[in-house]
Q: 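Below is the structure I would like to discuss, written out as structure tokens.
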Amino acid sequence: MFSKVLIANRGEIAVRIMRACEELGIATVAVYSELDRDAVHVKRADEAYLLGPGPASESYLAIDKLIDAVQRSGAEAVHPGYGFLAENAAFAAALADAGITFIGPPASAIEAMGSKTRARELMAKAGVPIVPGTTEPVETIEDATRVIADTIGYPVAVKAAGGGGGKGFRVALEESKLEEAFEGAAREGEKFFSDSTVYLERYLPDPRHVEVQVLADTHGNVIHLGERDCSLQRRHQKLIEEAPAPAVDEALRAKIGKIATEAAAAVAYTGAGTIEGLLQDGEYFFLEMNTRVQVEHCVTEMVTGIDIVKEGIRVAAGEPLAISQDDVVIRGHAIECRINAEDASKNFAPAPGAIGDYREPAGPGVRVDSGVEAGSEISPMYDPMVAKLIVWDVDREQATARMLRALGEYRIEKLKTLIPFHTAILQTRQWHDAETCRDLIEDRAWLKELAFPKPDKATADGDGEAAAEPVEQSYTVEVSGKRFDVKVIGPPPAAGAVNGAAPPAPAARPAPRRGERGRAGGGGGGDTLASPLQGTVLKVAVEQGATVEEGALVAVIEAMKMENEITAHKAGVVSELPIAVGAAVASGDTLAVISSAQ
Ligand code: MV4
């Protein structure tokens, strides 16, 4: 076993890996950027090395700086966590060249699964079922049109070959929409992976996202730990994950487990990995393999009792897996909620800032994997996920009740998080019934309703009228000797307020000017289509004077490296179109005015 391991990551996953190391008697080395000097993962490690300035390219992605830190610390191995360099074959190879162990699969397996077309080809050859479609890149729209007509049919999914996790994923419902989908997928592929090649898959109308956890050692043992259901996503960002999957029984588990272990064996996989797939009408199709430990590995740990991170470290040290397939028993039900610093009511805009008072939930069956504490700063530079709340109970219904209890216990002051959103979701009939996605092109309708509550009359903005951002303030009051905690949500108190108390900082900044929210839905009935987010106009899909249907594509706005399709909030004539490709837009800016056709 190793005596010292460097963790090339930050936040909750760095802390999670350190916990595993401590239990294995391994000393830990943290790395950090200038922005993370006071971070929890840095304080927790036995020693820590500064990498450089905040941008990941100068810190957590800087391979030479990381190798330098490994050599200075004398660590024998590096754990990459997820994100950053976790699935970078060049990093795995560079470590190997320097005689340092990469805690993960061989570079060849990362590479094989990194190209989605190559992975599909390999899987098809190995007898692993893939979603019907092409295993080779499709060069032109003409080629795509032909292949679709001959074999796949509509609707069709167009995906970037370098992609994964939904990046560069477009759907064309019919031939007239193919060009837009093809170009969108290619553009996103080029931007994220410097690879504009795309491939095609039959679009499955109502699948569940079911993924299988695998573990493989260097002695030829490959086992699976059952599946997770991650169907609850928003724009390909998973929000809630659970194990076992509601739609999978013992027989299906054995079937998809066999598919997953065969997929892993086909690329000579070692370590912890995940086969992502789609489940439709009892049929399972391979989508891609994630060659790393995933964010949602915890729900599998809760229902199997197996420590996936520790097993990954053991395997990297050359030890055989501590368990065999027969030892794996699924017991009870686990749910994970991602606690992101995001504002669900503002199109899930990142809401970075400093955490005030902070208290994590506890009690039976509750686990919190976090990388923050009171006073921690959530930087806009990194992932907005600050913690994961995971619960276990004997069945799904009781796990849900336990999660609601734990969400209620979680105190994160001053920071906007998804806690209220998760609380709302888990109380819906759709969650209770484990409903699938009916419309994957847009977000699920019921999910959207929760994210964009109909604007309240009292707070709905008038056309172009400036409105103050409501602020939330907490007070404790006593009424006849009984204690009440109250939250006052409303317009910010005027400057130089009563009692001479200064208003809280957020109220001091000028309120943004905004019109109606374009995607807010319901209420208002105005003509203005306002931008739901801040970003850059990538594409303008309509012309002034054009007649549009409700839901027609108006523009594509890039924000936080994501492409956001802005659609018409009503049918009518585009009477104003004050945007152009390349222009910057702020949240609330008018993108178009759509007048009702006379
Ligand atoms: C699909 C699909 C339907 N047909 N592929 C890709 C990335 C991952 N985020 C989900 N992806 C999908 N790929 C084909 N051929 C639908 C999705 C999908 C999805 C699937 C199950 C549950 C929720 C989903 C949400 C968005 C997209």
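In this text the structure is predicted, and so the values were computed from the model without any measurement. Each ligand, and each atom within it, is numbered from 1 in the order the structure gives.
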Q: Suppose I only count heavy atoms of Val131 and a 4.0 Å limit; which atoms of ligand 1 are within that range?
A: 15 (N)
Q: Are Phe348 and Phe421 an aromatic pair by the rule of ring centers under 6.0 Å?
A: yes
Q: With a 4.0 Å cut-off on heavy atoms, is Glu276 touching ligand 1?
A: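 No, that is not the case, since the closest heavy atom of the residue is not under 4.0 Å from the ligand.
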Q: Find out whether Ile13 and Arg16 are in side-chain contact, i.e. whether some heavy atom of one side chain is under 4.5 Å from a heavy atom of the other.
A: yes
Q: Please determine if Lys238 and Glu336 form a salt bridge, counting it only when a charged side-chain N lies under 4.0 Å from a carboxylate O.
A: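 Salt bridge between Lys238 and Glu336, a charged N being under 4.0 Å from a carboxylate O: no.
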Q: Establish, from distance only, whether the side-chain atoms of His333 and Glu242 form a donor-acceptor pair under 3.5 Å.
A: yes
Q: I'd like to check which ligand 1 atoms, numbered from 1 as shown, lie under 4.0 Å from a non-hydrogen atom of His209.
A: 21 (C), 22 (C)
Q: Show which atoms of ligand 1 fall inside a sub-4.0 Å distance from at least one heavy-atom site of Gly166.
A: 7 (C)
Q: Among Ser231, Gly168, Gly133, which one puts a heavy atom closest to atom 23 (C) of ligand 1?
A: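 Looking at heavy atoms only, the winner is Ser231.
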Q: Compute the ring centroids of Tyr60 and Tyr382, then answer whether they are less than 6.0 Å apart.
A: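 Yes, ring centres under 6.0 Å apart.
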Q: Say whether Leu204, considering both its backbone and side-chain N or O atoms, lies within less than 3.5 Å of an N or O atom on ligand 1.
A: yes
Q: Answer yes or no: is there an ion pair linking Glu565 with Arg170, defined by an N-O contact shorter than 4.0 Å?
A: yes
Q: Near Arg202, which atoms of ligand 1 are under 4.0 Å from a heavy atom of that residue?
A: 4 (N), 14 (C), 15 (N)
Q: Purely on distance, is any nitrogen or oxygen of His236 under 3.5 Å from one on ligand 1?
A: yes
Q: Measure Val171 to ligand 1 on non-hydrogen atoms and call it side chain, backbone, both or neither using the 4.0 Å cut-off.
A: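 Under 4.0 Å from ligand 1, Val171 contributes no heavy atoms.
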Q: Please determine, by modelled atom types, if Gln430 and His432 share a side-chain donor-acceptor pair under 3.5 angstrom.
A: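 Checked: Gln430/His432 side chains show no N/O donor-acceptor pair below 3.5 Å.
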